[in-house]
Amino acid sequence: MFDPYREQLNRRFQNALLSLFGEPVPRLVWSHPPKVQLGDLASPVAFDLAKRVRKAPAEIARELLRAAEPLPGIARADVAGGGYINLFLDRPGFLSAMFREVRSGKKPDQTAARGKRIIEHTNINPNKAAHVGHLRNAVLGDTLGRAFRYLGENVEIQNYIDDTGVQVADVVLGMSHLRGIDRAGIDSLPGRLDYYLWDLYREITERYEKEPALLERRRQVLRDLEAGQGDNARLGREIAVRVVRRHVETMQRINVTYDLLPWEGDILAEKFWDKTFRNLRESGTAYQPEKGKLAGCWVMRIQSSEDQEAGEEAEKVLVRSDGTVTYIGKDIAYQLWKFGLLNADFSYRPFFRYPDGREIWSTERSPGPRKAPSFGQGQIIYNVIDSRQARLQRIVAEGLRALGHPGEAERSIHFSYEMVKLSRACAEEMGFLPAGSDPGIKSVEISGRKGQGIKADDLIDIMSDKATREVGKRNPDFSPEEIRKTAETIAVGALRYFMIKFNRNRVITFDFQDALSFEGDTGPYIQYSVVRASNILRKIKERSGWTPKDLDSEIDTIDWTFLTGSEEGDLFWDILFQGSQWRERVLQATDTLELSQLARFCFQLSKKFNGYYHRYPVIQEKDKNRKWARMLLVYLYRQQMVQALDTMGIEVPDRM
RNA sequence: GCGCCCAUAGCUCAGCUGGAUAGAGCGUCGGACUACGAAUCCGAAGGUCAGAGGUUCGAAUCCUCUUGGGCGUACCA
């Protein structure tokens, strides 16, 4: 929206710097003053120059300003705060340009897509139900994808399915050994499979303690899974497919979608690993230690400087002594494929169809029924994985580098975030903390093995139930179906907002009370504010017959003098000017991978808008000029917010 | 031991590449609904930005150390 302004301003100021001090500055930064009354854009450049020029910053600022004027799009300029150059935009000009842009409906300033961005997220082991920790991952990954798509980037979302790992082996063993259930028996199990396995996974994990011999049987299961043949493999595949379907449905509830499910088993079956392994051996990256505890394994030396300090050679296992491949090994092969470096591709088949017609595809071992879109061949790859796996991510990147792909290693980005823990109150409520446990324990780790965690669907249900009560209370005229639909929208808004409002490297201590709040800094607060904006527009149409379309012609007749020198004018301008910076904010958020900035932007804007409509009524306003102007504000606010919320995967109900 | 992360109001958190009097939400106290719906708004109280040094015109923000916490350092992922 104001990129053009910025460029012109920079040129004028750099020229002024050149003529005054003989050289431009490397980077001219424009920030925003703490208050609108101080201006719209601010530059601290005079402070930087003060030492070199040996003059007071304020004096430099004034000289610079004189030399740079007249400034395009700027109504007034000021020096304040001891040397800041503060610029006031031409408000009427800016507003009508902004309005026309919004009305045109086109997304301006699309970044030129430089190639596909592949985002890998969710990645839940298909041996149990999804839990709150997985929700954080999925919401972050999905929001990142939405943000890039908003910017015009080419995005592909992949959800990697580890169907040949130890965790699936655990439940396969649990099924056969503890329950005596084979593939045919799955249908007769009570309830949903992912919930059933939640308990079974915990049970089998506990059983290893008493029956260590079971670990040997698990190794056999793991070998079978990798070989992809026999009863265990068939049972494993059956479990994985069914559980993944549940995960996809769970995530669909919170507007998280995927393009492709790459199966680890297919990486093995398609010989991607064999190919990668050959390269790793030939390049000397993978080797077999003769002795020591890793004798018989194939390992990779870790060259990170931190590890060398330890004195001992750091090595990471790629192939276990029993011949099975670790996650690291398979992941290196997967990363190579994602970058299109394997000269090989999967077969594909459709896996799931969303109501809007979009499809999730799945990798497959034999040619599928239909021609699939082109997958992989990414330019930049984002791996959304929590910070506990930082070391593994580094090692995978090292693998790429060792195979001669340093550029790809650089563009394989670990989107790292801290984990979700359960608050003490939450853990107690769920029965994860025995009575009399150490009062110093403030939070409890989520653990699938121990069956400790809040299942994603349970949480969504609880939030939905609460929203249902609130919606019903406020809207007695709603049909049960309307109540249900609205409540689900609100629950999703609350949940998604909650999951991205925190800094990514802050541990979220999950607590029901916080997550279930619909007031203050929450998704529903923002949804409510947009609903109110819609209501104002609806009512003004009923009572005055005015519609946003009328603004197309009315906007040119609006007298904007009230915008300057009045409290209303400042607030009015503040809201719209800030709202126009959404795209800037999205760029910043994707640059820093700090998506909490998106949430904060929306909350701040909503807060200002709420304050505005309380103080300045639209429909009752007698002065026609002001009434049109206020309606313009309400309209633009709503348009901006709907777009912003959509980027966060949050919908706005008609009423709530 | 080594590596990564965190420490800001009673609680939960913001504070963008160092910049103008440190901000929200919740909670507490006080106020505003025969309505553009109070899931809202207005006001008040509440902070040696863990501690100590350093860099700088300027530090919550950068550097060093200390303390306290989380996580990693598997032939789990």
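Side-chain atoms are counted along with the backbone in the values below, which use heavy atoms only and exclude waters and symmetry mates. Chain A is the first sequence line, chain B the second, and so forth, proteins listed ahead of strands; every chain is numbered from 1.
Residues A:T522 and A:K501 have side chains that never bring a donor and an acceptor to within less than 3.5 angstrom of each other.
Judged by distance alone, with hydrogens and angles left aside, the side-chain atoms of A:H134 form a donor-acceptor pair with the main-chain N or O of A:H131 at under 3.5 Å.
The nucleotide B:U73 finds its pairing partner in B:G1, both defining distances of the Watson-Crick or G-U wobble pair being shorter than 3.5 Å. Using N1 to N3 plus N6-O4 or O6-N4 for Watson-Crick, or N1-O2 and O6-N3 for G-U wobble, each under 3.5 Å, B:C65 pairs with B:G51. Checking B:G23 for Watson-Crick or G-U wobble geometry (two distances, each under 3.5 Å) identifies B:C13 as its partner. B:G43 and B:C29 make up a base pair, with Watson-Crick or G-U wobble contacts both under 3.5 Å.
In this structure, A:V531 reaches the bases: a heavy-atom distance under 4.0 Å links it to at least one base atom across the strands shown. Base contact: A:M656 has a heavy atom under 4.0 Å from a base atom. Using a 4.0 Å heavy-atom cutoff across all strands shown, A:R219 reaches no nucleic acid atom at all. As judged by a 4.0 angstrom heavy-atom cut-off over every strand, A:S321 is placed among the base-contacting residues.
The base of B:A35 is not paired with the side chain of A:N535 by any donor and acceptor separated by under 3.5 Å.
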**Study point:** Intermediate values then yes/no, salt bridge (Lys or Arg N to Asp or Glu O under 4.0 Å), A:E203 and A:R207
**Key:** CA-CA 6 Å; A:E203 250 181 77; A:R207 193 61 80 92; 5.4 Å; no
Study note, to complete from the structure: For nucleotides 11-17 of chain B, 5' to 3', base contacts (B), sugar-phosphate-only contacts (S) and non-contacts (-) with protein non-hydrogen atoms under 4.0 Å give -SSSSBB
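Both A:A80 and A:Q167 lie close to RNA chain B; mapped to their nearest nucleotides by heavy-atom distance, the more 5′-ward contact belongs to A:A80.
For the C1' atom pair drawn from B:A59 and B:C26, the interatomic distance equals 30 Å after rounding to whole Å. Taking atom C1' in both B:G51 and B:G46, the straight-line distance is 23 Å, to the nearest Å.
Between the NE2 atom of A:H614 and the P atom of B:C41 there is a distance of 6 Å, given to the nearest Å.
Of all heavy-atom pairs between A:G323 and A:E226, the closest is O-OE1, 4.2 Å.
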